Q: 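This is the structure, below, for whatever I ask next.
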Number of protein chains: 2
Amino acid sequence: MDKEPTTATKQRMLDAGLTLLLEQGYHGVGVQAVLDAAQAPKGSFYHHFNDKEDFALQVVDAYMTGVHAALDASLSDSSRAPLDRIRGFFELVSQGYEHDGYLGCLLGGLGQELSGASDVFATKIDWCLGYIAGRLAEPLGEARARGDLTVAEDPAVLAQRLVECWEGAALHSRLLRDPSPLPAMLDFYFRAITRVPDDG
Amino acid sequence: MDKEPTTATKQRMLDAGLTLLLEQGYHGVGVQAVLDAAQAPKGSFYHHFNDKEDFALQVVDAYMTGVHAALDASLSDSSRAPLDRIRGFFELVSQGYEHDGYLGCLLGGLGQELSGASDVFATKIDWCLGYIAGRLAEPLGEARARGDLTVAEDPAVLAQRLVECWEGAALHSRLLRDPSPLPAMLDFYFRAITRVPDDG
DNA sequence: TGACGCCTAGACCGTATGGTCTAGACCACT
DNA sequence: AGTGGTCTAGACCATACGGTCTAGGCGTCA
């Protein structure tokens, strides 16, 4: 972590960028809008960031900082069963969505918008989602070792599916501006990999 | 179907729009780019469309025309089991994705990009995805009636989950420019609602 | 106190954008 | 032949965009 200290102005711009990019997307947000929201002049923007793309990438980094924190907070709690830890992670994430008015996931949003035209973003977002899946694979492996799972698939693969499912539910949540698809999808996913389905 | 006949020029613009919007998104595509791709002058664009938003909405309609065709073609084949018909639908959709270079789903793309700032688009895309889910609910209901399902949930709810799962896989496919998440997700989903998982 | 580096400040620039406007080609109908 | 509607054609406009540039405030260290 040999990062420079990140001045207050830069942090304000990143914070504003997080909100604005989530709501309006990359091309929907002008540099000026970030400046206005962060109460900063243009000079500061181009002092701290090479260009708009660099800015957005750093916003993604800032977003991932929060994700890391949520992952660490949830997955390390060894008093809970592995699958419960995963659930805890997504509950934290959901709380973040609530705070933003249920606009879904920044990674999904920017990924959809930019990955068709920008390899840089496609690679970055894919890496981020893959990282999350990688972290979730560990408790999934634990769960399998404990015999909690009723499916035999590689935990890494199961984790990929989980993240994909979540992103799909997050899109629906964004369209509805409503959280309901999120826990519904989690329930569906966990039932799929654990309990034998019951047709009662 | 009391639609006006849609001139060749208008159709060229819609076709170009489909490709361009899928690749670059709404804000990433200028009207001029559509004009160039369709070899049409600006006058034609604003003759056939009120504005850029109207154009994009009509591109979505054109996209849905293809979806309807795929739904009709797949779901009506009563010689196949209901779940096989659903699989057939997504196989057709996948072929469309292949044709476009695995850029995912236009509905997911525009939904993510625009639904934060435009209620019109949010509502429209949600309606489209809901319509697809509605169509898929029928064969799911049939499957349940036949005893093919091992879950008791409402077919409409299961169909919602399916569409969400698919959109999540389509995003991953787009990021990777690779189809592999699509059949993987379908396998996961169908296993979840049918066969008892096997830990062999 | 002078010099240097970091950061703020905002005027300014070239370009591309969405959208308008007028002119005219083409076709059907009378 | 004349007329009206549909569609093509592209010059044109105001604005907003991403990005550059110079100037100045401010703290630090010699």
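Just so it is clear, the model here is predicted, and its values are computed rather than measured. Scope of the values below: all heavy atoms of this structure, side chains included, with no hydrogens, waters or symmetry mates.
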Q: Taking side chain to side chain donor-acceptor pair (under 3.5 Å) as the criterion, tell me which of B:His48, B:His47, B:Gln58 meets it with B:Lys10.
A: B:Gln58

Q: Rounded to the nearest Å, what distance is computed from the OH atom of residue A:Tyr46 to the P atom of nucleotide D:dC17?
A: 11 Å

Q: Could you state the NE2-P distance from B:His27 to D:dA16, rounded to the nearest angstrom?
A: 14 Å

Q: Could you note down all residue pairs passing salt bridge (charged side-chain N to carboxylate O under 4.0 Å, His left out) where residues 32-58 of chain B supplies at least one of them, sequence neighbours left out?
A: none

Q: Base, sugar-phosphate, or nothing: which does A:Val34 touch, judged by heavy atoms less than 4.0 Å apart?
A: nothing

Q: What I want to find out is whether B:Arg161 reaches B:Glu153 closely enough, with some N-O distance under 4.0 Å, to be called a salt bridge.
A: no

Q: Is B:Arg174 salt-bridged to A:Asp126, going by a charged N under 4.0 Å from an acidic O?
A: no

Q: Which whole-number value in Å describes the distance from B:Asp36 CG to C:dG18 P?
A: 12 Å

Q: For each nucleotide in nucleotides 22-27 of chain D, reading 5' to 3', give B when a protein heavy atom comes within less than 4.0 Å of its base, S when such contact involves only the sugar-phosphate, and - otherwise.
A: ------

Q: Show each protein N/O and nucleotides 7-10 of chain C N/O combination with a separation under 3.5 Å, one pair to a line.
A:
residue: C:dC7; atom: OP2; partner: A:His47; partner atom: NE2; Å: 3.2
residue: C:dT8; atom: OP1; partner: A:Thr9; partner atom: OG1; Å: 2.1
residue: C:dT8; atom: OP2; partner: A:Ser44; partner atom: OG; Å: 3.2
residue: C:dT8; atom: OP2; partner: A:His48; partner atom: NE2; Å: 2.9
residue: C:dT8; atom: O5'; partner: A:Ser44; partner atom: OG; Å: 3.4
residue: C:dG10; atom: N7; partner: A:Gly43; partner atom: N; Å: 3.3
residue: C:dG10; atom: O6; partner: A:Gly43; partner atom: N; Å: 3.3

Q: Should the pair B:Trp166 and B:Phe90 be assigned to parallel (<30°), tilted (30 to 60°) or perpendicular (>60°) ring geometry?
A: tilted

Q: Let me know the distance between CG of A:Leu35 and C1' of D:dC17, rounded to the nearest Å.
A: 13 Å

Q: Measure the CG-NZ distance between A:Leu107 and A:Lys124 for me, rounded to the nearest 0.5 Å.
A: 10.0 Å

Q: Nearest whole Å is fine: how far is D:dT15 C1' from A:Gln32 CD?
A: 13 Å

Q: How close or far is atom P of C:dT17 from atom OH of B:Tyr26, stated in whole angstroms?
A: 13 Å

Q: Which heavy atom of B:Arg144 sits nearest to which heavy atom of B:Val151, and what is that distance?
A: CD-O, 4.3 Å

Q: Specify the separation, in whole Å, of atom NZ of B:Lys52 and atom P of C:dA16.
A: 15 Å

Q: For the pair B:Glu113 (side chain) and B:Tyr26 (backbone), establish whether a donor and an acceptor sit closer than 3.5 Å, ignoring hydrogens and angles.
A: yes

